[in-house]
Amino acid sequence: MPLSLNEIRTRAAVFASEWADAYDEDAEAKSFWDGFFRVFGQERRQVAMFEKFVKKLNDKQGYIDLFWPGKLVVEHKSKGKNLDRAYDQAADYFTGLKAAEYPRYIIVSDFARMRLYDLDHDSSHEIMLAELPEKVDLFKFIAGYEQTQYKEQDPANIEAAELMGKLHDAMLATGYEGHALEVYLVRLLFCLFAEDSNIFEKYQFQSYIEDRTATDGSDLGSKLAELFYVLNTDPAKRLTNLDEQLNAFAYVNGKLFEETLPPAAFDRKMREQLLECCSLDWSRISPAIFGSLFQSVMDKEKRRNLGAHYTSEKNILKLIKPLFLDELWAEFEAIKAYKNKGQRSSAMNKFHDKISELRFLDPACGCGNFLIVSYRELRLLELEVIKQQLNDQFSIKDGNSAGYANVPVSNFIRCDVAQFYGIEIEEFPSQIAQVALWLMDHQMNLRVSDMFGQYFARLPLRSRPRIVHANALRTDWQSLIDPIPWQKREQVFDYIMGNPPFLGHQWRNEEQQNDMHFVFNDSKRAGRLDFVAAWYRKAAQYINLYGLTKVGFVSTNSIVQGEQVPIMYSDVFNKYKCHIYFAHQTFKWSNEARGNAAVHVVIIGFTALRTESSRLFIYDSINNNPIEIPTSNINSYLVASNDILLSSRSKPLHGLPEMFKGSQPTDGGHLILEKDDYDFISQTEPELIPFIKKYIGAYEFINNKYRYCFWLKEAPSELLLKNGVLKERLKKVTEFRNSSPTASVRRYSKLPSLFTQDRQPISEYLAVPEVSSENRDYIPIGYLSKDVICSNKLQIIPGANVFIFGVLQSKMHVRWAYTVGGKMKSDFSYSPSVYYNFPWPENPTDAQKKAVEEAAQGVLDTRAKYPGSSLATLYNPLTMPPDLLKAHQTLDKAVDKCYRKEPFADERERIEYLFGLYEKYTSGLLAKATKSMLRQSK
């Protein structure tokens with residue numbers, strides 16, 4: 001147990017006085033440092049500190065005055081010597097050290113002065129020896145008061161996971177597998193953390209392995225079994241003649257070591273691997289992200305992209321801050337600002353009671369990332385509450401840890417891991433989540449110790465998070481709560497959060513399909529929803545039953561686009577009377593790890609209570625930081641607008657020409673010709689040339705490429721029967737269609753020369769690619785000849801005039817398509833419903849329409865100046881010709897003026913205006929006027 005900071009200050013004053021006149025490095029340095037470390041309650045031998053000879057970069061022998069592997073190097077000089085040179089000398093020693101031995105700190109001293117370098121933070125502090133009692137905080141890491149740094153990614157996390165991965169593989173190779181292996185590794189993980197974070201004594205676990213096990217590893221398994229038994233046994237119930245080194249381990253409890261596991265067998269290499277794990281400084285490992293990294297070592301495929309499978313803290317905070325954290329901090333600051341001390345104290349005590357009774361659930365918790373970060377943030381808030389309470393009760397000012405010496409700070413700690421619940425379908429992650437929460441609890445207890453100068457720990461473990469290994473979609477979430485008799489408030493989950501599985505409807509397995517049916521048992525349309533929607537439905541049902549629970553989920557962005565939106569609204573939000581009160585529009589859910597796993601997601605927060613103001617976070621780029629927009633309402637498309645659902649229409653909203661997909665061959669590729677095939681057949685089968693046409697899909701359209709197809713609608717029967725090349729291809733089409741599970745396709749096996757879906761226009765048509773890149777400012781659309789066969793990867797509008805082209809090519813339409821259309825990742829995915837529901841300008845004048853037509857023709861004419869350039873090149877923001885950009889800007893202004901006189905400030909204003917206009921049109925007020933306007937434009 002670390003000494004209190006007050007005790008350290010007392011010892012430091014005595015030490016500084018005793019060594020005030022020291023001078024000679026050779027005669028007195030060793031005694032000086034022995035005394036210095038005793039100030040902090042450490043003996044050099046107890047923490048494996050020693051002198052060390054190393055080979056420096058110039059191959060000369062170097063001598064480290066004091067070496068604490070992985071922690072500290074000390075270089076001492078006689079009084080008055082140059083400390084800069086002493087630092088350079090200490091740094092030279094690094095070349096003779098192993099990577100795992102590199103220290104975080106360097107101390108150089110000449111008795112009178114001490115200079116501390118923190119290499120992790122690139123900082124240094126110099127003090128006079130006489131100042132040591134006042135500056136002991138700088139050196140408190142020696143006593144064990146180590147502050148954890150929370151980073152999105154620290155190489156130490158990767159290194160630790162890789163080392164555990166090697167040990168996992170070695171144990172697996174011996175036949176130790178399954179549940180036993182998973183529990184065993186979790187226990188080792190706990191022990192590694194424990195000896196670097198003051199749960200155990202420093203190096204206690206490592207020393208036990210080194211001192212009590214054979215170097216060949218033959219007895220390591222049995223010795224670890226003894227240790228696990230001891231860690232689960234109250235000291236009062238341990239054997240009286242138990243090995244002294246074993247008996248020194250703390251009683252952990254918490255059921256972590258309760259289960260009896262099969263004995264494991266180790267060898268020399270496996271023992272060395274475990275000791276290599278011990279050599280890391282595990283206090284640097286963040287439980288918030290290590291859990292998922294550790295889980296990934298179980299899967300060699302995942303390990304190749306180690307680090308790509310966890311959720312970064314930055315992204316977790318995007319959810320938990322608007323869900324509960326911002327609100328709690330605002331409430332705390334409001335209470336703290338009370339002028340009346342009595343009122344402030346009373347309100348702060350009630351607030352403290354409130355936060356200590358909150359309950360949090362992650363119903364797809366994985367390794368517990370959301371729970372761990374939420375618990376940490378709750379404890380940080382509680383520390384500020386406690387400081388204010390102590391200030392009010394004992395007049396102790398913030399930052400004066402000496403003032404807390406006689407205050408039982410541990411009595412004020414009320415928040416604990418028992419407030420946190422999780423459900424996880426896989427067993428191993430659920431075990432990691434529980435242990436990681438305990439480790440975070442201990443790290444926060446060290447923060448308490450650091451802040452108040454009193455050691456605080458919760459051992460043995462008595463409170464435990466409730467992490468259940470179960471299928472969340474088949475579990476009654478309320479059943480997880482064990483009622484607490486003395487709590488007066490309703491005992492339900494206050495906050496439900498997490499990032500449930502990212503699976504589209506087409507990727508679900510049979511069990512997941514059954515789960516969807518179980519949750520959406522009264523909905524016929526739920527089969528089109530992403531898997532995450534089942535968690536929304538369960539959460540909405542919970543809100544409907546238990547009241548004011550608030551929910552926040554990370555989700556694939558497809559649930560706020562296209563056909564899923566009306567289903568989500570009617571079968572989830574509207575059915576259970578829930579409202580969206582905060583949301584993040586689409587952004588890239590990624591991290592800084594190698595293999596960076598990026599998914600395009602949204603965050604949606606919802607509850608039963610309709611709030612006066614909602615918080616919408618928008619992104620001008622999916623990679624940028626969000627901008628918060630206060631709004632009165634957020635609809636199901638995550639737009640600041642009224643609750644509007646786009647209708648499923650078979651005809652355009654405004655009497656426009658219809659849009660539909662191009663033709664589909666369903667031929668196994670046998671009616672389609674690549675360029676080489678076309679060239680060969682043109683030379684060898686000239687009679688087939690009249691029946692081969694250019695064939696184009698979205699990719700070819702955008703990239704100025706062509707394929708070819710047999711278009712045999714008017715081919716004579718003799719040709720179909722006699723031409724060998726054609727006959728063989730049609731035979732293969734027949735075979736392919738006969739093997740189809742779709743009846744309509746099988747019927748077309750009797751007509752192998754025809755496309756199964758022929759929608760080829762008889763006149764020029766406008767083509768819109770079904771999918772195009774998010775990186776373009778405009779969706780590239782254009783006209784194609786009736787002689788070019790368009791595939792089903794193009795949406796087409798036969799007979800579309802230049803006014804229609806102009807509006808569809810404008811930013812007004814692009815913003816609409818991006819918001820309400822589907823997405824492939826974050827790319828545009830265009831369907832007729834986007835076009836059919838688009839709110840066209842309301843009664844533009846003839847002059848305005850003419851301006852659009854002229855500007856649209858200007859875009860087409862400018863494109864024509866670059867006949868060798870594809871649309872991909874012309875519309876790439878990096879290569880777009882300036883005159884084409886200017887032509888589009890002219891078109892955008894012309895289209896904007898058809899909607900209103902004032903320019904739109906940004907894209908958010910555009911989409912909000914369009915939703916308002918859609919609401920107006922669909923109310924029937926302007927139907928006649930709109931149809932009349934569009935007829936005049938034809």
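Counting from 1, the numbers follow the sequence of the chain as shown.
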Quick check: does any side chain N or O of D758 sit under 3.5 Å from a backbone N or O of Q760, one acting as donor and the other as acceptor? yes
Donor-acceptor contact below 3.5 Å, side chain D362 vs main chain A364: yes
Side-chain contact test, heavy atoms from C-beta onward, threshold under 4.5 Å: evaluate it for I797 versus F660 and give yes or no. no
For the residue pair V768 and M659, establish whether any side-chain heavy-atom pair is separated by less than 4.5 Å. yes
Should the pair E909-R900 be classified as a salt bridge under the 4.0 Å nitrogen-to-oxygen rule? yes
Quick one: do C898 and V852 satisfy side-chain contact (heavy atoms from CB on, under 4.5 Å)? Show the steps, please. CA-CA 8 Å; C898 289; V852 170; 3.6 Å; yes
Where the side chain of Q848 meets the backbone of T845, is there a donor-acceptor pair that is under 3.5 Å apart? yes
Any residue meeting side chain to side chain donor-acceptor pair (under 3.5 Å) with E764, in chain and number order, not counting sequence neighbours: none
Kindly say whether I789 contributes a backbone atom to a donor-acceptor pair with the side chain of W711 at under 3.5 angstrom? no
Which residues satisfy the side chain to side chain donor-acceptor pair (under 3.5 Å) test with D326, sequence neighbours excluded? K321, R615
Excluding sequence neighbours, so at least two apart, what forms side chain to side chain contact (heavy atoms under 4.5 Å, CB included) with A864? none
Supply the atom-to-atom distance L917 CG to F915 CZ, rounded to the nearest 0.5 angstrom. 11.5 Å
Can you check whether P769's main-chain N or O pairs, donor with acceptor, with Q795's side chain at less than 3.5 Å? no
Report yes if some heavy atom in the side chain of V807 is under 4.5 Å from a heavy atom in the side chain of M812; otherwise report no. no
Does some side-chain heavy atom of T586 sit less than 4.5 Å from a side-chain heavy atom of Q561? yes
Keeping the roles fixed (side chain from N876, backbone from A872), state whether a donor-acceptor pair exists under 3.5 Å. no
Suppose we screen for ring-ring contact (aromatic ring centres under 6.0 Å, His included). Which residues come up paired with Y783, at least two apart in sequence or across chains? F805
Can you tell me if D643 and Y637 form a side-chain donor-acceptor pair at under 3.5 Å? no
For the residue pair Y875 / S772, report whether a side-chain donor-acceptor contact shorter than 3.5 Å exists. no
Listed by chain and number, what are the side chain to side chain donor-acceptor pair (under 3.5 Å) partners of Q809, not counting sequence neighbours? R863
Pair W816 + Y818: ring centers closer than 6.0 Å: no
If the condition is ring-ring contact (aromatic ring centres under 6.0 Å, His included), which residues does Y546 pass it with, not counting sequence neighbours? Y542
Whether K849 and D846 form a salt bridge (side-chain N of Lys/Arg under 4.0 Å from carboxylate O of Asp/Glu) is what I want to check. yes
Out of curiosity, E770 CD to S829 OG, how far, rounded to the nearest 0.5 Å? 5.5 Å
Quick one: does D571's side chain get under 4.5 Å of F520's, heavy atoms only? yes
Looking at L891 and A855, what are the two nearest heavy atoms and their distance? CA-CB, 3.6 Å
Does K694 pair with D787 as a salt bridge, N-O distance under 4.0 Å? no
Between CG of L914 and CD of E912, what distance do you get to the nearest 0.5 Å? 10.5 Å
Are Q541 and Y576 close enough that a side-chain donor and a side-chain acceptor fall under 3.5 Å? yes
If we only count heavy atoms from C-beta on, is the Y695 to P665 side-chain gap below 4.5 Å? yes
For the residue pair F573 and F606, is the inter-centroid distance of their aromatic rings smaller than 6.0 Å? yes
Just by distance, with hydrogens left out, do D530 and T556 show a side-chain donor and acceptor under 3.5 Å apart? yes
Tell me, please, which residues at least two apart from T607 pass side chain to side chain contact (heavy atoms under 4.5 Å, CB included). K550, Y581, L609
Enter the distance from Q757:CD to S791:OG here, rounded to the nearest 0.5 Å. 11.5 Å
Residue list, ring-ring contact (aromatic ring centres under 6.0 Å, His included) with Y830, at least two apart or on another chain: H813
On the 0 to 90° scale, with breaks at 30° and 60°, tag the Y913-Y899 ring pair as parallel, tilted or perpendicular. perpendicular
Side chains of I580 and N635: closer than 4.5 Å at any heavy-atom pair? no
Between the side chains of E842 and K920, is the shortest nitrogen-to-carboxylate-oxygen separation below 4.0 Å, so that they form an ion pair? yes
Show, in sequence, the C-alpha distance, side-chain angles and deciding distance for K314 and N625, and conclude whether the side-chain contact (heavy atoms from CB on, under 4.5 Å) test is met. CA-CA 11 Å; K314 178 181 176 181; N625 291 322; 3.5 Å; yes
Please list, chain by chain and in numerical order, all residues satisfying ring-ring contact (aromatic ring centres under 6.0 Å, His included) with F617, sequence neighbours excluded. H584
Excluding sequence neighbours, so at least two apart, what forms side chain to side chain donor-acceptor pair (under 3.5 Å) with T742? none
Cation over ring face, R759 and F755, 6.0 Å, 45°: no
Any side-chain donor paired with an acceptor under 3.5 Å for D892 and Y778? yes
Listed partners of D777 passing side chain to side chain contact (heavy atoms under 4.5 Å, CB included), at least two apart: none
Neighbour count >12 (heavy atoms, 6.0 Å) for atom OH, Y619: yes
Separation between CD1 of I702 and OG of S870, rounded to the nearest 0.5 Å: 9.0 Å
Taking the six-membered ring of F803 (Phe, Tyr or Trp), confirm whether the NZ or CZ of K850 is under 6.0 Å from its centre and within 45° of its axis. no
Partners meeting side chain to side chain contact (heavy atoms under 4.5 Å, CB included) with D515 (sequence neighbours left out): N471, L473, R474, E511, F531
Heavy-atom check, side chain of F582 versus side chain of L616, under 4.5 Å: no
How many angstroms lie between CD1 in I911 and OG1 in T819, if you round to the nearest 0.5 Å? 3.5 Å
With a cut-off of 6.0 Å (strictly less than), are more than 12 heavy atoms of other residues, nucleotides or ligands near CG of L548? no
